[in-house]
Amino acid sequence: MAVDYAELWMALNPRQQFYLKTIFEEDQGREAAQRAAGASGNWNRLPAAEWRTIDAYHEPAVPDLVGRTELQLRWRRAGHHDQGTGSTIKVLVEHDLITLDGRGTPFGQMHQVAMTKQGRALMRWVTKPRASRAKVPLKERAAEVLGQLYDAASSPKGYLDWARSPTIDKDLIPPGLARSRGAYQGFEITEKGVAHLAEHHAAYAAAYPKLNLPDPSGGDGWPEEADRLLDGLRSECWSLAHAAERADRRAQEERARADTEFKEELHRQDGELALAMDREVSELKRAHAKVLADTFDGYRAQMRIVLAQRLPQYTAATLAAVTALVEGTDPVAAIHEQTAAAVTELPAYTPTGVIAVDVEGERLYAECQRKRPRRATTTRKGKAKAAAGLNTEAVPVPVRGTVLEQPWALAVHLHGALQDGYLYRLLNAPPEEEQPRKRRPAGMLDKPALRLLVALVGTEHPRRAHHARIEVERYGQATEEELAAIPRGLFSYEVKQATRSTKAPDVLVDRGLAEYTNLARFDGWGHYGDNWPLLHLTQAGRDHLADHREAYAEFHPDVRLPAPSTAADG
C-alpha cells in the first residue's frame with residue numbers, strides 16, 4: 001500500500017517534525033562515516049542495526065552524571081529540550097517513523113532511537129528533490145571538474161593548475177574531454193570537452209541540479225543579478241538585526257552607569273576641594289552615560305523600524321522570484337518590484353512542484369499568514385528560543401520572539417533554493433524520455449559481486465605479481481611444486497578494497513564462481529593462526545563473465561570489465 005508522505009508529514013506538529021529531522025540527520029551522518037571508513041579500508045563489521053541506534057535521552061535526567069547526548073544538545077540549542085521530549089518521541093514511534101529501545105546504565109535507563117525504513121523514506125521525500133532518471137555520460141564529480149576546466153580556460157592562466165587529479169585521469173582524458181599539460185603542470189579542456197559540455201548541459205542540469213555548470217552555448221539561465229540582489233537584502237537584514245541588538249545591549253550598559261550614585265563616603269579623606277571635583281566628574285559621567293543610552297535607544301528604534309520594512313521586502317522578493325521561475329518571467333524584475341515600495345502584504349506562495357521546497361515553504365508561509373504567529377519563548381536567563389519547528393540556525397537571535405521570526409525563516413528557506421540557480425535548474429530540466437524499464441536477466445550478479453568477480457579476474461593477469469605466492473614465500477616454507485600450485489586471488493583485506501559488500505564473497509562462493517583456499521599450512525610462524533583464506537576464481541567464474549559480458553556492460557556501465565583476452569588467459 002502506497003504511503004501518502006504529504007499527509008504523514010502534515011500530521012506531525014512543528015516540534016515533532018524538528019525532532020524527526022534531527023534524528024534523521026544524525027542517522028545520515030553515521031551512514032556517511034561508515035562509508036568513509038569502508039572506503040579507507042577500515043571496515044566496521046558491526047551490524048547496521050547497532051551503529052544506527054542513537055542515544056536519545058536518559059531517564060531520570062542526571063546530566064551531571066551521564067552528560068547529554070548529541071540529540072539533546074541539538075534540541076537544547078533550538079530550545080526544544082524539555083519535559084515534553086518523551087511524548088514527542090512516542091508520537092514518532094506511533095507513526096512508525098522511529099523505533100524506541102533502551103539500555104541500562106548505573107543511574108537509570110538510556111532511551112535509544114533509530115530511524116525506520118518508513119521514517120527514512122519520509123525524510124528523503126521531504127528534504128531531497130526527486131532524482132532524475134536520465135542517463136548522463138559523466139558522473140557528478142567528473143561533470144563538476146569539466147565545468148571547472150571550462151571556467152579555467154577563460155582565466156588569466158588559461159588552464160586548471162592542479163598537480164594531479166584522478167578524476168581527470170580516469171574519466172575525462174580517456175574520452176578526449178581534457179588533456180594534461182605535462183607532469184604536475186595542470187590540465188586544460190579540449191574542443192571536444194567544450195562541445196560535450198554544450199551538448200549535455202541540460203541533461204547534467206537535470207541529473208545534478210546542485211551543480212552550477214557553465215553553459216558554453218550561451219543560454220540565459222539564472223541571472224547573477226538576482227543572486228546579488230537577494231544576497232544584499234539578506235545581508236542588510238542580518239546587519240540591522242544584530243546592530244539593533246548591540247545598540248540595545250550598549251544602551252542597557254550606559255543606563256546602568258547613569259544610575260550609579262556617587263558615594264561621598266569613599267572620597268571624604270581627599271578633602272573638600274577634591275570631593276567637589278570627584279562629585280562634578282561623576283555627574284558629568286552620569287550625564288554622558290545618559291546621553292549615550294538615549295543615543296543607542298534612538299538608533300535601536302530606527303534600526304527596528306527599517307528592519308520591519310526591509311525584512312518583508314526580502315521575504316516578498318524571494319516569493320516573487322519563485323513565482324517568476326514557475327511562470328517563466330524575469331526574476332530580477334520581480335525582485336525590483338517588491339523592493340520598490342513598502343510591503344503591506346506578502347504575495348501568494350506559488351507551488352513549484354519540488355517537494356523539498358514546497359513542503360517547508362508552504363508550512364512557513366502558512367505560519368506567516370496566521371493572525372497570531374507562533375512566538376518564541378524566553379528562558380529564565382533571558383535568552384529567546386525560536387518558535388517550534390523553525391530552523392534556528394537561519395533565524396538570528398535578535399529576531400527570535402518577534403513577529404519577524406516566521407518571515408525571516410521563510411525568506412532564508414526560499415533563498416537557499418533560489419541561490420546559484422538551483423531551483424531554476426530543477427524547474428527547467430528537460431523532460432525524461434519515456435522508456436520501458438529494463439530488467440536485469442536472471443542469473444546475473446549484482447554490482448558489488450560483479451566488482452569482486454572483475455577484481456578476481458584481474459589477479460590472473462600474467463603481468464601482475466603473484467601476491468599470494470609472495471606472501472607464502474615471506475611467511476612460510478613451501479616447495480617449488482607447492483608454490484606453483486598456489487592460485488592467484490585476493491586476501492581478506494584485498495576483498496574489502498575491491499567491494500564494500502560483506503555478502504559479495506559468499507555470493508560468488510555459493511554460485512561456484514569462486515572458492516576459498518586456506519594457506520595456513522604454509523604459515524610457519526603462526527602469523528595467521530588456523531585461517532589464512534585466499535579467495536580465487538574458478539573456471540565457472542571465468543565462463544560466467546565471458547557469457548554475460550554484453551549484458552553486464554549494459555546494466556552496469558560504470559564497472560570497468562577486463563578485456564576478453566585477459567579473461568581467457570586465466
Side-chain angles (χ1 to χ4, degrees), residues 37-45 166 169-170 174 443-553 555-570:
S40 63
N42 186 22
W43 187 257
N44 188 351
R45 291 186 176 274
D169 291 337
K170 295 179 181 179
M444 288 180 59
L445 300 172
D446 58 9
K447 188 177 295 185
L450 176 61
R451 290 188 188 277
L452 181 56
L453 182 65
V454 169
L456 290 173
V457 171
T459 63
E460 298 188 333
H461 196 283
R463 294 184 180 179
R464 176 168 174 166
H466 194 330
H467 188 55
R469 175 170 177 159
I470 293 173
E471 290 297 302
V472 169
E473 289 179 327
R474 180 182 302 171
Y475 295 114
Q477 297 178 355
T479 64
E480 184 59 36
E481 292 76 11
E482 290 174 327
L483 290 173
I486 295 175
R488 293 172 178 261
L490 299 175
F491 293 115
S492 298
Y493 71 93
E494 296 173 306
V495 170
K496 293 178 184 178
Q497 294 172 354
T499 177
R500 289 178 289 182
S501 170
T502 58
K503 300 179 180 179
D506 295 336
V507 171
L508 297 184
V509 172
D510 292 344
R511 296 185 55 176
L513 306 181
E515 63 184 10
Y516 280 108
T517 294
N518 193 350
L519 302 182
R521 66 182 184 277
F522 300 123
D523 183 11
W525 290 276
H527 291 87
Y528 301 101
D530 297 331
N531 191 24
W532 190 5
L534 176 72
L535 183 67
H536 58 90
L537 204 63
T538 63
Q539 186 58 45
R542 302 183 189 95
D543 296 340
H544 175 86
L545 187 59
D547 295 341
H548 297 87
R549 174 178 297 277
E550 294 183 0
Y552 280 131
F555 284 92
H556 300 303
D558 54 333
V559 178
R560 186 172 297 179
L561 302 177
S565 58
T566 303
D569 288 339

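Under the 3.5 Å distance criterion, the side-chain polar atoms of Arg451 are left unmatched by any main-chain donor or acceptor of Ala504. Counting only distance, with no hydrogens or angles, the side chain of Arg511 and the backbone of Gly541 share no donor-acceptor pair below 3.5 Å.
Annotation for Gly512 and Ala540: closest pair O-CB, 3.5 Å, computed over non-hydrogen atoms. A pairwise comparison of heavy atoms in Asp169 and Pro174 identifies O-CD, 3.2 Å as the closest pair.
Applying the salt bridge (charged side-chain N to carboxylate O under 4.0 Å, His left out) test to Glu515 and every residue at least two apart in sequence or in another chain returns nothing. Under the salt bridge (charged side-chain N to carboxylate O under 4.0 Å, His left out) criterion, Arg463 pairs with no residue at all, not counting sequence neighbours. A search for side chain to side chain donor-acceptor pair (under 3.5 Å) contacts involving Glu480 returns Arg469, not counting sequence neighbours. Taking His536 as the reference, Thr517 meet the side chain to side chain donor-acceptor pair (under 3.5 Å) condition, with sequence neighbours excluded. Take Asn531 and apply the side chain to side chain donor-acceptor pair (under 3.5 Å) test, not counting sequence neighbours, and it matches no residue.
With rounding to the nearest 0.5 angstrom, the CG atom of Leu450 is 6.0 Å from the CG atom of Leu561. Note that CD of Glu471 is 6.0 Å distant from CH2 of Trp532, once rounded to the nearest 0.5 Å. Atom CG of Leu535 and atom CG of Leu456 lie 5.0 Å apart (nearest 0.5 Å). To the nearest 0.5 Å, atoms CG (Asn518) and CG (Leu534) are separated by 9.5 Å.
Pro533 is not listed as a side-chain neighbour of Leu519, based on a closest heavy-atom distance of 4.5 Å or more. Taking the side chain as every heavy atom from C-beta outward, Leu513 and Asp543 never approach each other to under 4.5 Å. Side-chain atoms of Leu452 and Val507, non-hydrogen and from C-beta on, never get closer than 4.5 Å to each other. Glu460 has its side chain within reach of Leu537: a pair of non-hydrogen atoms, C-beta onward, lies under 4.5 Å apart. Inter-residue side-chain proximity for Phe522 and Glu473 is flagged as unmet; no heavy-atom pair is nearer than 4.5 Å.
Within 6.0 Å of the CG atom in Asp530, the count of heavy atoms belonging to other residues, nucleotides or ligands does not exceed 12.
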Which pairs of donor and acceptor atoms, one on a side chain in residues 483-494, lie under 3.5 Å apart (sequence neighbours left out)?
unit_1	atom_1	unit_2	atom_2	d
Arg488	NH1	Thr459	O	3.4
Arg488	NH1	Arg464	O	2.8
Tyr493	OH	His467	NE2	2.9
Glu494	OE1	Phe491	N	2.7

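In this structure, Tyr552 has its ring center closer than 6.0 angstrom to the ring center of His544.
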